[in-house]
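Have a look at the structure below, then the notes.
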Number of protein chains: 2
Amino acid sequence: MTPQRRAIIQVLLESAGSHPTAEQIFTRVRDVMPDISHATVYNTLHELVEMGTLLELNLGMREQRYDINTTDHAHLICLGCGRVEDVPYDSEALTLSPEHTHGFQVVDCRVIFRGYCPACASQERHLRSSG
Amino acid sequence: MTPQRRAIIQVLLESAGSHPTAEQIFTRVRDVMPDISHATVYNTLHELVEMGTLLELNLGMREQRYDINTTDHAHLICLGCGRVEDVPYDSEALTLSPEHTHGFQVVDCRVIFRGYCPACASQERHLRSSG
DNA sequence: TCTTATTTTAGATTAATCCTTAATTTATAT
DNA sequence: ATATAAATTAAGGATTAATCTAAAATAAGA
């Protein structure tokens, strides 16, 4: 446990619910530790993911997003602006029946609701009617 | 409708179920049309996605994967080797209750089951016990 | 055929992530 | 406290998927 890791974890805890990218985490850690390197942040994030205390989310944008909230939940993302919200979901309702597992050892399940947030929905409507 | 687009669509139809990456599609199209460019493949894929006849999948690997099968289904992916299988799921069972939409206009829902395929599961077990 | 709008190309560019190597730091045992 | 071994960090270059640009080529319609 190094000062760098403490700082990274601190930033992750402070940004709970905001689903930051690796780059955003890097920038925030830099604020309190200006000499930290890219590689350290990436390495640490990967270790935390490996340990299971951090979720790495592929929500369709180019970059990975990280979520310190490892309790069962789904994500709701805006296709317009990339905004991400946590939403509850019933993991019981979603199990893969044995005949469809292809012999896989299933570890978890990711659920992503996609749509448009209020702001982007109105803008979208505007774009559609004018173009 | 250009020969390039016909070739790309042809490749997509032939690779149904294999969830190819843009690069794989590019390579396969090259086999029958050696001078086609990267940009053309990317542009065409994006147009098909826009039209709704092609799905762009973010399954956690670095690259996007494409799926010509636009019927309601989920994906089962191997965290070891990246293998992807289509699996059925009951979209009825998975709706976001109105009080959790954050005002979003929800368009669709993506479900990804993650795990280890038979081959990777046994290898994983081996790795674990030896290191 | 001729015109216009669209598409394609080649190659440069971007951006996120990963890798390499040496120096530093931490943890451990004395 | 000190020595040692193991793990971590930093710097910056490498990689790679994807995107952009501007000019050339092509398709579609009159």
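In this text the structure is predicted, and so the values were computed from the model without any measurement. We name chains A, B, ... by the order of the sequence lines, and we start the count at 1 in each one.
Looking at His100(B) and Pro88(A), their side chains come closer than 4.5 Å, going by heavy atoms from C-beta outward. Within the 4.5 Å cutoff, no side-chain heavy atoms of Leu54(A) are placed close to those of Thr70(A). Using a 4.5 Å heavy-atom cutoff, the side chains of Tyr66(B) and Leu57(B) are not in contact.
One distance of note links CG of Leu45(B) with CD of Gln64(B); it measures 10.0 Å at 0.5 Å rounding.
Taking the 5' to 3' direction, DNA chain D first and last meets chain A under 4.0 angstrom from a heavy atom at dT8(D) to dT19(D).
His38(A) and Tyr42(A) have tilted rings, their planes meeting at an angle from 30° to 60° on a 0 to 90° scale.
The only member of Asn58(B), Leu76(B), Ile77(B) that meets side chain to side chain contact (heavy atoms under 4.5 Å, CB included) when paired with Ile112(B) is Ile77(B).
Listed for the Thr21(B) side chain is a donor-acceptor partner under 3.5 Å among the backbone atoms of Gln24(B). A donor-acceptor contact shorter than 3.5 Å links the side chain of Thr44(B) to the backbone of Thr40(B).
Here His73(A) and Tyr89(A) keep their ring centres 6.0 angstrom or further from each other.
Pairs passing the ring-ring contact (aromatic ring centres under 6.0 Å, His included) check and including a residue from residues 3-25 of chain B, sequence neighbours excluded, read His19(B)-His75(B).
The nearest whole Å value for the distance from the CD atom in Glu47(B) to the C1' atom in dA5(C) is 14 Å.
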Less than 3.5 Å apart, which donor and acceptor atoms pair up between the side chains of residues 4-11 of chain A and the rest of the protein, not counting sequence neighbours?
from: Arg5(A); atom 1: NH1; to: Glu47(A); atom 2: OE1; distance (Å): 3.3
from: Arg5(A); atom 1: NH2; to: Glu47(A); atom 2: OE1; distance (Å): 2.9
from: Gln10(A); atom 1: NE2; to: Glu14(A); atom 2: OE2; distance (Å): 2.8

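Counting any heavy atom pair closer than 4.0 Å across all strands shown, Gln64(A) reaches sugar-phosphate atoms only and no base atom.
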Close N or O pairs between protein and nucleotides 21-28 of chain C (under 3.5 Å):
none

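Ion pairing of Asp108(B) with Arg110(B) is present here, as a side-chain N (NZ or NE/NH1/NH2) and a carboxylate O approach within less than 4.0 Å.
Annotation: Glu99(B), atom CD; neighbour count of heavy atoms from other residues, nucleotides and ligands within 6.0 Å is above 12.
A heavy atom closer than 4.0 Å to some atom of DNA chain D occurs in Ala39(B), Tyr42(B), His46(B), these being the qualifying members of residues 25-46 of chain B.
The C1' atoms of five pairs define one axis at each end of the helix from dT1(C)-dA30(D) to dT30(C)-dA1(D), and these two axes lie 30° apart (to 10°).
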